[in-house]
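Labels below follow one simple rule: chain letters A, B, ... track the order of the sequence lines, proteins then strands, and each chain is numbered from 1.
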There are 2 protein chains.
Amino acid sequence: MEQSRVLAALSALANETRLELVRALIGRGPAGMSAGDIAGTLGISASRLSFHLQQLEMAGLVTGRRESRHVFYAVDTAQVGRVIGYLLNDCCRSHPEVSACCAPGASSRAKAP
Amino acid sequence: MEQSRVLAALSALANETRLELVRALIGRGPAGMSAGDIAGTLGISASRLSFHLQQLEMAGLVTGRRESRHVFYAVDTAQVGRVIGYLLNDCCRSHPEVSACCAPGASSRAKAP
DNA sequence: TCAACTACTCATGAACTGTTGAAATGTTCA
DNA sequence: TGAACATTTCAACAGTTCATGAGTAGTTGA
């Protein structure tokens with residue numbers, strides 16, 4: 001994966017509204033969620049949601065598909081995996097202390113040094 | 001790890017200069033690299049480097065230590081691991097297709113669907 | 001103490017990001 | 001066809017980010 005794609009994805013994720021959006025969507029799997037439902041769940045305006053969905057879509061992190069009058073959005077999990085894989089393997093060169101986050105049971109709550 | 005810390009780290013990483021900086025520093029291990037060496041390696045001005053190092057330091061991704069007239073910067077690998085761990089485990093809830101990036105031999109070059 | 005060196009701070013301006021509300025577009029159904 | 005609904009687009013605005021260059025501060029050795 002090219003670095004420019006990774007940078008676009010990181011920029012997209014580096015925003016509270018969009019990170020919440022990904023969290024909300026990833027739980028729904030490939031079926032996703034309609035724009036209206038997302039706006040209701042997150043409590044944001046339609047135009048604000050549309051703006052952030054566009055950012056995520058341009059970064060390749062979510063995809064939308066129209067079904068009659070609704071548009072359903074879902075996370076492209078493979079793409080998210082590729083971005084994390086870049087950080088892990090290409091950027092951090094599989095540094096053991098970084099890769100520890102992958103270990104079974106590991107989480108972001110891992111104790112500080 | 002709190003989401004606000006993760007957002008700060010993602011914002012810090014979502015910049016070409018800073019991602020290059022982390023890549024350059026992580027190869028040097030805990031010894032790190034002096035500010036002057038980094039500026040020379042990346043070919044950027046001192047003030048520009050200082051600005052970006054400050055962003056990374058505020059995000060907790062790098063640490064600096066003074067040694068006589070030099071300041072050596074190193075990546076806090078545990079913190080980087082915690083950020084990736086958050087994306088993997090908390091945000092994506094260990095979704096198998098995302099976690100595939102951790103598999104041995106996996107890389108960001110994983111084939112697209 | 002002074003010059004040389006190393007790193008940091010600050011002010012400026014250009015470019016980018018995110019929010020808002022109104023208007024436009026597209027879809028369904030009576 | 002026209003009303004109702006779902007979503008996107010647009011312009012205006014405020015706020016943030018980043019590059020640049022000039023100036024400042026700390027450290028060393030003659």
Can you give me every donor-acceptor pair (side chain of residues 47-61 of chain B, partner residue at least two apart or in another chain, under 3.5 Å) with its distance?
unit_1 : atom_1 : unit_2 : atom_2 : d
B:R48  : NH2    : B:T17  : OG1    : 3.1
B:H52  : ND1    : B:R18  : NH1    : 3.0
B:E57  : OE2    : B:G64  : N      : 3.4

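- At whole-Å resolution of the value, CD1 in A:I38 and C1' in D:dT7 are 11 Å apart.
- Between the CD1 atom of A:I44 and the P atom of D:dA6 there is a distance of 16 Å, rounded to whole Å.
- When the nearest nucleotides of DNA chain D are assigned to A:H70 and A:Q54 by heavy-atom distance, the more 5′-ward of the two goes with A:H70.
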Response to the item:
Going 5' to 3' through nucleotides 14-30 of chain C and flagging B where a protein heavy-atom sits under 4.0 Å of the base, S where only the sugar-phosphate is that close, and - otherwise, we get ----BBBBB----SB--
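- Side-chain contact between A:T63 and A:Y73 is absent, with no heavy-atom pair separated by less than 4.5 Å.
- Following rounding to the nearest Å, B:L42 (CG) and D:dA19 (P) show an atom-to-atom distance of 12 Å.
- Rounded to whole Å, atom C1' of D:dT9 lies 14 Å from atom CE of A:M58.
- Going from atom CZ of B:R65 over to atom C1' of C:dA7 covers 15 Å, rounded to whole Å.
- Partners of B:R65 by salt bridge (charged side-chain N to carboxylate O under 4.0 Å, His left out), not counting sequence neighbours, listed by chain and number: B:E67.
- Rounded to whole angstrom, the span from the CG atom of B:L53 across to the C1' atom of C:dA7 amounts to 10 Å.
- Of the side-chain N and O atoms in B:Y73, one or more sit less than 4.0 angstrom from OP1 or OP2 of C:dC8.
- The two residues B:C91 and A:L19 make their nearest non-hydrogen contact at SG-CD1, 4.0 Å.
- Residue A:A46 is classed as a base contact, given a heavy-atom separation below 4.0 Å to a base.
- To the nearest angstrom, C1' of D:dT20 lies 14 Å from CG of B:L49.
- Across B:C92 and A:V80, no two heavy atoms sit closer than the pair SG-CG1, 3.8 Å.
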Practice prompt. In sequence, state the C-alpha distance, the side-chain angles, and the governing distance for A:Q3 and A:Y86, and then conclude on side-chain contact (heavy atoms from CB on, under 4.5 Å).
Written response: CA-CA 8 Å; A:Q3 181 170 286; A:Y86 179 92; 3.1 Å; yes
